[in-house]
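Count residues from 1 along the sequence.
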Amino acid sequence: MSAKKQKSVHEHTDYQSEIERLEFTKEYIKTVLEISKGNKEQFVENLKKAFADLDTSDSSASYGDLLTNAVFNELAESELQRLESVIGKPYFSRINFTTHGEEKEEILYIGKASLFDTVNQMPIIVDWRSPIANVYYDGRLGEVTYEAYGETQSGFLSLKRQYEIENGFLKEIRDIDLTTHDELLQKSLSGKADNRLTEIVATIQNEQNEVIRASLKHPIIVQGAAGSGKTTIALHRISYFLYSMGYRFPPSKLMILAPNRLFIDYISAVLPELGVNKINQTTFIDFMKSCLGKKIKLFSPNTKLITLIEGKEKSKTIKWVTNYKGSLEFRNLIASYLRDIELSLAPSEDFILEKSILLRGKKLKKLFLREYIYLPVYKRLDKIKNLLTSDLRLKKSMMLTKIDSIYDGALDKALFTTKVEEEKRKKKVVSLLEQKDQRKIKVLEEAKVAVKNYMKPFVKKDIFSLYKELMTSEELLQKYSTTLTDKECKTLSKYCQKIFDKKAFELEDLAPLFYMKAKLEGIEDEYKMKSIFIDEAQDYSYFQFAALKEGFETDLFTIVGDLAQGIHSYRGLNSWEPLLTEIFPNANYQALQKSYRTTVEIMHLANDILSIMGKDLPKVEPVIRHGEKPRFTKIDPSDLDKVREKMEQDIRLVKEEGLNSIAIIGRTEKECLNIHNMLKDSKLPIQLLEEKQDMKKGSVVILPSYLSKGLEFDAVLLVSLEESYSEEELDIKLLYVAMTRPMHKLYLYGSFPGEFLLSRADSVHFNQES
């Protein structure tokens with residue numbers, strides 16, 4: 001939306017009343033915080049002092065009355081922390097709204113924390129996540145509707161106002177009209193990038209708001225273009241989830257799966273600002289390692305990626321195996337294998353004690369395969385064992401009592417039969433007593449081991465052994481697969497044997513292992529999440545999603561990604577369709593094609609590069625923000641001193657413009673080492689970034705293209721010293737990822753334009769320098 005041209009903030013007709021409202025709100029928050037710290041006796045005195053210098057207009061007087069008559073309750077620690085964090089900027093917008101059927105117009109101030117007068121429940125600040133705040137994000141001026149607690153509310157929106165407040169001072173007032181350009185958004189986008197993500201509460205756009213507030217009872221899959229804000233949206237959706245569903249799901253049961261530790265550091269500042277604490281933030285690999293409960297050696301996924309980038313001879317086999325391991329066909333193979341294991345563990349023999357059938361095998365099998373099907377297989381065995389134990393305890397006493405009864409009757413008969421000689425009577429009684437004791441001893445002895453002996457054939461093999469057994473056996477693969485040829489089974493088993501011989505696993509082995517653990521052993525409660533947020537989802541496989549859903553026993557997933565940035569698409573995911581049809585059939589789907597990160601000039605070039613692939617991928621629509629054209633500089637890699645001098649000169653010019661977040665991106669880690677060696681004597685602060693490192697503020701970071709995904713910088717320098725980008729799909733995606741990282745400036749350095757595929761781009765927007 002576009003803002004009317006504003007006069008100076010002091011010239012705004014509502015300037016004085018807005019100043020008074022801001023001062024009132026700040027003092028109210030201060031008072032709440034002071035009272036919460038036990039200074040209640042100073043309450044009235046503090047208020048008198050706080051409002052002594054305010055204008056004595058009616059509005060100031062009414063604010064004073066409101067504060068004086070308010071009764072404050074103790075607030076939760078988290079709420080107090082939020083109020084403390086927003087006191088310098090208590091709200092960012094205001095709406096004037098009249099509900100249909102009501103005469104009085106409500107004036108509502110929207111911020112990151114809610115605050116109400118406890119006497120009359122008058123809202124002082126409305127939380128941005130509340131239903132009525134949706135009017136600010138979605139509603140145009142005039143007649144509007146919004147959903148609240150399952151009902152549609154309607155009314156008239158007469159004013160939408162935005163504020164710039166910094167350190168408690170009102171700097172800008174903007175009244176929004178019906179046109180389509182949003183000045184506050186433009187100002188935000190033209191700002192500087194930092195090493196950490198920033199929240200966008202004040203500038204959430206309509207299509208972003210739809211994702212954030214989409215049904216929390218259904219999964220959602222978001223195809224978000226580079227720079228569309230999908231990561232930030234996912235974080236805001238977590239905040240909205242806790243606001244709306246926090247009474248059902250504590251933060252400890254929510255988890256965000258990030259692509260790497262670097263990314264977690266990058267987002268770390270946002271969640272607390274949004275009032276989200278104690279949520280699980282981890283990577284898929286780290287989570288799996290913890291959950292699987294065994295120290296496992298894992299080959300670095302980047303090693304495989306580099307092998308594919310370099311196009312080595314074995315890359316064709318690696319790509320096929322990886323793709324298969326990530327497929328739903330492989331999931332089906334594992335499921336068939338587990339079904340046989342389940343059947344082999346189903347009890348069928350009668351449970352007998354001293355020739356007496358305590359429980360029929362037919363009943364036990366039915367319990368195992370039908371009644372206990374809600375449990376993992378091994379836990380069903382535990383339940384059968386517990387049933388046998390309790391049944392034995394009960395029936396053992398009954399059997400002993402019955403033996404006593406049988407032999408006591410026989411003894412009575414022997415003792416009181418007159419026709420039997422005394423000597424024979426005595427022998428009979430002794431014999432009966434011995435038989436009685438022997439039978440009771442036998443019952444007691446058998447009872448000690450009856451359950452153990454019955455359960456002995458049912459061996460619980462660990463999932464790692466079972467998995468290795470399957471994956472290294474051509475025969476088993478042939479038996480359980482419905483799609484693999486004999487040759488493919490041989491290739492797969494040989495490939496896996498080589499991996500296992502090194503006492504290691506691959507990333508692609510984690511999903512089937514987790515799936516097997518869920519089916520056989522069950523996932524421990526501490527690892528069983530209720531709602532999962534996955535970023536960079538295009539780097540996952542279909543099996544990973546299916547395994548996570550099975551293990552967590554929920555489909556409350558928020559999945560965001562971009563197929564155009566799918567540099568790991570060899571794992572299998574190249575379309576959202578299978579997720580929507582087979583794994584999350586009741587999911588909502590949303591596409592975000594607007595980019596809020598890069599300038600029009602940079603995005604045009606990135607779109608040109610993406611079009612080389614020839615795939616039906618929609619072009620990204622940049623928000624209208626212009627900047628310099630990307631600039632290609634011809635370099636001579638044999639004269640590294642001159643290359644360094646030119647790059648340092650460009651970096652200094654960028655820094656002089658106040659752009660301090662700068663990245664140098666190489667195609668691979670090897671190329672980054674070349675660049676770092678070239679710049680090692682530079683006086684500029686240079687950091688060669690590794691996956692598990694934090695970015696040092698103020699440093700120029702050097703990182704490979706595949707690690708830059710999800711990050712953003714003020715300026716990016718793409719360098720080709722020894723490695724150039726080919727027209728292979730993977731290379732095109734790597735280049736596209738790298739080109740869409742900068743907000744403001746993009747520089748390219750190479751021997752000739754073709755190293756960055758510029759000669760094939762339909763519209764090359766760059767200035768070439770010799």
Side-chain angles (χ1 to χ4, degrees), residues 18-51 54 60 62-95 106-133 136 162-171 198-202 204 235-236 238-244 246-247 250-251 268-279:
E18 291 291 7
I19 286 289
E20 290 172 6
R21 172 67 194 214
L22 179 59
E23 291 304 311
F24 151 70
T25 305
K26 290 190 307 185
E27 293 304 327
Y28 196 102
I29 293 172
K30 284 180 188 174
T31 305
V32 170
L33 293 173
E34 283 177 11
I35 290 173
S36 71
K37 293 169 185 173
N39 299 327
K40 294 182 182 178
E41 68 280 356
Q42 292 292 318
F43 177 38
V44 176
E45 206 55 43
N46 287 343
L47 291 175
K48 287 179 181 176
K49 288 179 184 176
F51 286 91
L54 279 182
S60 296
S62 64
Y63 292 155
D65 290 340
L66 174 64
L67 282 164
T68 304
N69 294 316
V71 178
F72 292 97
N73 293 326
E74 293 292 331
L75 295 177
E77 187 65 29
S78 60
E79 291 178 277
L80 292 172
Q81 288 173 357
R82 289 204 77 192
L83 282 176
E84 205 158 15
S85 70
V86 303
I87 196 166
K89 186 180 179 179
Y91 47 79
F92 53 81
S93 67
R94 160 186 162 181
I95 57 173
E106 288 184 278
I107 298 176
L108 303 170
Y109 288 79
I110 301 169
K112 289 194 287 184
S114 60
L115 188 60
F116 288 83
D117 166 37
T118 55
V119 172
N120 58 19
Q121 292 302 303
M122 172 184 169
I124 297 165
I125 308 173
V126 174
D127 194 297
W128 70 273
R129 299 167 293 184
S130 65
I132 185 65
Y136 166 70
Q162 296 174 334
Y163 306 97
E164 267 191 73
I165 301 170
E166 286 185 16
N167 300 319
F169 294 98
L170 182 62
K171 296 184 69 179
T198 54
E199 47 83 14
I200 56 166
V201 170
I204 293 170
L235 302 183
H236 284 68
I238 294 171
S239 178
Y240 179 65
F241 188 97
L242 286 173
Y243 176 85
S244 305
Y247 63 96
S268 61
V270 181
L271 290 174
E273 284 186 23
L274 293 170
V276 177
N277 297 290
K278 299 179 182 176
I279 185 174

- Task: For the pair F24 and Y28, name the ring-plane relationship: parallel under 30°, tilted 30 to 60°, perpendicular over 60°.
- Result: perpendicular

To the nearest 0.5 Å, what is the distance between [atom1] on [X] and [atom2] on [Y]?
{"X": "S130", "Y": "Y240", "atom1": "OG", "atom2": "OH", "result": "9.0 Å"}
{"X": "I19", "Y": "F169", "atom1": "CD1", "atom2": "CZ", "result": "9.5 Å"}
{"X": "L22", "Y": "I165", "atom1": "CG", "atom2": "CD1", "result": "5.0 Å"}
{"X": "K30", "Y": "E23", "atom1": "NZ", "atom2": "CD", "result": "7.5 Å"}
{"X": "S93", "Y": "Y163", "atom1": "OG", "atom2": "OH", "result": "8.0 Å"}
{"X": "Q162", "Y": "I95", "atom1": "CD", "atom2": "CD1", "result": "12.5 Å"}

Do you know which two heavy atoms are closest between [X] and [Y], and how far apart they sit?
{"X": "P123", "Y": "L108", "result": "CG-CD2, 3.7 Å"}
{"X": "A113", "Y": "D127", "result": "CA-OD2, 4.1 Å"}
{"X": "W128", "Y": "H236", "result": "CH2-O, 3.6 Å"}
{"X": "S244", "Y": "Y247", "result": "O-CE2, 3.1 Å"}
{"X": "F92", "Y": "G111", "result": "CE2-CA, 3.7 Å"}

- Set of side-chain hydrogen bond (donor to acceptor under 3.5 Å, both in side chains) partners for S239, sequence neighbours left out: R129

- Item | Partner residues of K278 under the salt bridge (Lys or Arg N to Asp or Glu O under 4.0 Å) criterion, sequence neighbours left out | none

- Message: Strictly distance-based, threshold 3.5 Å: is any side-chain N or O of K112 a donor or acceptor partner for the main-chain N or O of V201?
- Response: no

- With sequence neighbours excluded, tell me which residues meet side chain to side chain contact (heavy atoms under 4.5 Å, CB included) with T25. R21, I29, P90, Y91, I124, I125

